[in-house]
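For this chain, numbers begin at 1 and follow the sequence in order.
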Amino acid sequence: MLVAYRRIDLPLPLPEWIDEATVGSGVEIVPIQCDPARLAAALPKHHRAPADRIIIETAQYLDATLISLDERFPDYFLGSAGCGKLVQA
């Protein structure tokens, strides 16, 4: 979405960039699942972007590590011990 809205520029077409960024990195891309998508609607409104809220809830639902620079994401991980982890990098 960020590429489509020209909020970021990538040096390669998106599918190639994803392959380049993830192959051999240990990063796993997971599909959107129904339960986290539904639960995202109930998250506090720290972040208005629906896609970001689904990403946050998916990390918590899967107890996964989420890497992001977004300054609003930490608000969702405060007090959520055992429900995902945020790394700001």
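Under a 3.5 Å cut-off, the side chain of Tyr76 and the backbone N or O of Leu43 do not form any donor-acceptor pair. Between the side chain of Arg53 and the main chain of Ala40, a donor-acceptor pair closer than 3.5 Å is present. Remark: side-chain polar atoms of Gln88 are paired, donor with acceptor, to backbone N or O of Asp70 under 3.5 angstrom. For the pair Asp75 (side chain) and His46 (backbone), a donor-acceptor distance under 3.5 Å is absent.
Hydrophobic cluster of Ile67: the remaining members, joined at side-chain heavy-atom separations below 4.5 Å, are Val87, listed by chain and number.
Nearest heavy-atom pair, Pro36 versus Thr58, reported as atom, atom and distance to 0.1 Å: CB-OG1, 3.6 Å. Nearest heavy atom pair, residue Pro11 against residue Trp17, reads CD-CD1, 3.9 Å.
By the rule that hydrophobic residues join a cluster once side-chain heavy atoms approach within less than 4.5 Å of another member, Leu39 and Leu62 end up as members of one cluster. Grouping the Ile, Leu, Val, Met, Phe, Trp and Tyr side chains by contacts below 4.5 angstrom, directly or via other members, places Ile56 with Leu86.
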For residues 19-34, run the donor-acceptor check on the side chains, cut-off 3.5 Å, and write out each pair with its distance to 0.1 Å, sequence neighbours left out.
from, atom 1, to, atom 2, distance (Å)
Thr22, OG1, Ile18, O, 2.7
Ser25, OG, Thr22, O, 2.6
Ser25, OG, Val27, N, 3.0

Verdict with supporting geometry, Lys85 and Phe77, side-chain contact (heavy atoms from CB on, under 4.5 Å): CA-CA 7 Å; Lys85 176 182 170 188; Phe77 288 86; 5.7 Å; no

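Among residues two or more places apart in sequence or in another chain, the side-chain contact (heavy atoms from CB on, under 4.5 Å) test is passed with Asp35 by Arg38, Tyr61.
Residue Asp52 holds its CG atom at 9.5 Å from CD1 of Ile54, rounded to the nearest 0.5 Å. Taking CD1 of Ile55 as the reference point, atom OG of Ser68 lies at 8.0 Å (rounded to 0.5 Å).
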